[in-house]
Number of protein chains: 2
Amino acid sequence: MLLLGQGEYELLWGDRSRPGRGRPSGLTRERIVAEAVAIADAEGLHKVSMKHLADRLGSGVMSLYRHVPGKDELVILMYDSLMDGPPDLPDADTWRDVLLHWGRTVIGLFRAHPWAITVGTSARTMGPGEAGWVDHVLGRLGALGLPADLGLMAVLTVDCFALGAARPETGGAGSSAEFFSFLADPAAGARFPHLAAVTTASFASEQLLEDYFEFGLQRVLDGLEQYIDARA
Amino acid sequence: MLLLGQGEYELLWGDRSRPGRGRPSGLTRERIVAEAVAIADAEGLHKVSMKHLADRLGSGVMSLYRHVPGKDELVILMYDSLMDGPPDLPDADTWRDVLLHWGRTVIGLFRAHPWAITVGTSARTMGPGEAGWVDHVLGRLGALGLPADLGLMAVLTVDCFALGAARPETGGAGSSAEFFSFLADPAAGARFPHLAAVTTASFASEQLLEDYFEFGLQRVLDGLEQYIDARA
DNA sequence: GATCGATGCGTATGGGATACGCTTTTCAGC
DNA sequence: GCTGAAAAGCGTATCCCATACGCATCGATC
C-alpha cells in the first residue's frame, strides 16, 4: 500500500485499508515495525538499517518500501508502536498517585527502549499509540476529580520531566560517579570550586544522586498539587 | 594531535598540549567545531558531514581526522562548545529566581540550537563547558544560602525538565493545534473521548498549552521550594 | 481465463564515514 | 645552517546506507 501524503499525519493516521484488488501482502507494516523495534532494543537504533531489517524478515530490501515510506518514517512508527495498547498503570485512589505511576511508566518505557528518547524529543505529531496512552491517563485523572484542562497540563509536565530525566546514563549504576569523574583531577577541582564542593558533599548522600528521577518527580507532583489546590 | 583514549573522558578532558616538534596546524579543533556548529545551526545536524565541513574550511576531508577522532566525537564537542563561557544569567536576589533564570537559559540554548537536544539526551560524560555552567549556577545558589547538595539536586531537576520540554516543536507557534490535529476527525474523538474533551476545553485557555514550559517550570520551582523550606 | 492493481525485489546511483599511506612542513638538536 | 623526527594535510579506496526505477509476479475481480 502506497502512502500518498508525505506528512507525518498521513503516516500515522492515514487510511490503511486495502482495496480488494491486487496481490495480498506477506509482509505487513506491523511485522516490519515490530522487527525493527526488536533490532533497536537489542543492538541500538543505529543498527536498524533497511538491509539488516530485510535480512531478518527474509525479504528483499526494496520490499520494505511498499509498506513504509522510508527510514525516518519507520522510526516514527517504531516509536508510536511502543505505546500500542493501554499503559500498565496500577490502581490508585488519588490523582497524585495516578500521576506518580504515570511518570514511572513513562520513564520505564524510555529505560527499556533508550533509542526512543531521541524520537520522543523530536516527534511532532501525536500518533494513535501515544494518543491512546494520554487518553487513558486523562480518563483516570478525570474519574478522580481532576479538571480536564489541568489534567492535560499535569500530564504534559510530568511527561517533559520524565523524558528529560531519561538520559541513557540514568539507567546504569554508578553513573553519577562517572558523570563527575573529571573531578578526580585536582586541577578540575580548582577550576570548578562549587561543583567540587557540592559533589564531595553529595557523595555522602549518594542515594539522592542515583535516584534523582524519583526525587524530581516528587517535587513536580508537589508543585502540581500546590497549584491545583490553590485553584480549588 | 592524535587522541589516544577512545573514551569520551579523554576526548573532553584529555591533555591537548602540543609537543614542540612537528608542523604547526593551520586547522584547529576549535575552528572545526565552531564551523560545524554554524552548519548545524543554519542547515541542521544532518547536514554536518565531514565533506561539507571540510569544504567550508577549505581543507581536505581527511585532515579533519587529525583534530577530531570521528564524527560522533565531533558532535559531542559541538555540544560542549555551546556552553563555553559562563551562562548569561540576570542578577537575582533569591535562589528561586536564579533557578528560574537558569531554566530559561537552558531551554533558550536548546531553542537556539535544536540539534543539541538529541545530544543532551544522550551525552554521558560532562564536558568542561557544561561543568563551567553548572559550577556557575551552583556558585550563585550557594551565595544565596542554598545548601550545596540541595543546589545540585535542584539544578538537575530543572535541567531535566527543560531538556524534556525542549522539543523542537515547542518553539513554533500553533504547535499544539498541530499536535492534536488528528482530533479533527470525528472518529478520533470517539476513540479518545477524554483527550477530545480535554482539548476542546483547553483550546479556550490556549495560552496554557503554548506556554507549558513556563507553566511547568513554575510548578517545578514550587515543588523545590516546598521541599527546601521543609528542610530548613 | 483475462485483466487490473498491488506486491516483491534486483540493480543502479549517490552519499557518507573512515582506514591507509604518502607528501609536506616545521622545529630541535647538532 | 643541516638533518631527521614528528606532526599536519590529504588523495584514494573501501564499505555501508538509503532509495529511485523498472520489471516480474501474483490474486481477486469481472
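Lettering of chains follows the sequences in order, A, B, ..., and the numbering in each one begins at 1.
Put simply, OH on B:Y65 is 17 Å from P on C:dG21, counting in whole angstrom units. As rounded to whole Å, 14 Å separates atom C1' of C:dA17 from atom NE2 of A:H46. In this structure, the CG atom of B:D72 is 15 Å from the P atom of C:dG16, given to the nearest Å. Atom NZ of A:K47 is separated from atom P of D:dA18 by 12 Å (rounded to the nearest Å). Rounded to whole angstrom, the span from the CG atom of A:L53 across to the P atom of D:dC16 amounts to 17 Å. Between B:L27 atom CG and D:dA7 atom P there is a gap of 17 Å when expressed in whole angstrom units. The interatomic distance linking A:R16 (CZ) with C:dA6 (C1') rounds to 14 Å, in whole Å. Here D:dG4 presents its C1' atom at 8 Å from CZ of B:R21, a figure rounded to the nearest Å.
Taking 4.0 angstrom as the limit, A:S63 places a side-chain polar atom (N or O) nearer than this to OP1 or OP2 of C:dC9. Side-chain N/O atoms of A:H67 include one lying less than 4.0 angstrom from OP1 or OP2 on C:dG8. The phosphate of C:dG16 (OP1 or OP2) has a side-chain N or O of B:S49 nearer than 4.0 angstrom.
The cationic group of B:R111 lies under 6.0 Å from the six-membered ring centre of B:F213 and within 45° of the ring axis, placing it in a cation-pi geometry.
Ring-plane geometry between B:Y79 and B:F110 is classed as parallel, the angle between the planes falling under 30 degrees on a 0 to 90 degree scale with a further cut at 60.
Residue A:G22 is classed as a base contact, given a heavy-atom separation below 4.0 Å to a base.
In terms of position along DNA chain D, the nucleotide closest to A:H52 lies nearer the 5' end than the nucleotide closest to the other residue of the pair A:H52 and A:M62. Of the residues near DNA chain C, A:S59 and B:V61, the one whose nearest nucleotide (by heavy atom distance) lies more toward the 5' end is A:S59.
Contact of B:R23 with D:dA8 (side chain to base): a donor-acceptor pair of N or O atoms is detected under 3.5 Å.
Counting only heavy atoms from C-beta on, A:S25 has its side chain closest to C:dT7 among D:dA8, C:dT7, D:dG4. Listed candidates were D:dA5, C:dA17, D:dA28. Nearest to the side chain of B:M50 is C:dA17. With distances taken from any side-chain atom of A:K71 to the nucleotides D:dA18, C:dT7, C:dG21, the minimum falls on D:dA18.
The existence of a salt bridge linking A:R16 and A:E30 is confirmed by a sub-4.0 Å separation between a basic side-chain nitrogen and an acidic carboxylate oxygen. A salt bridge links A:E43 to A:R56: one of the charged nitrogens lies within less than 4.0 Å of a carboxylate oxygen.
Using a distance-only test at 3.5 Å, with no hydrogens or angles considered, a donor-acceptor pair links the side chain of A:H52 to the main chain of A:K47.
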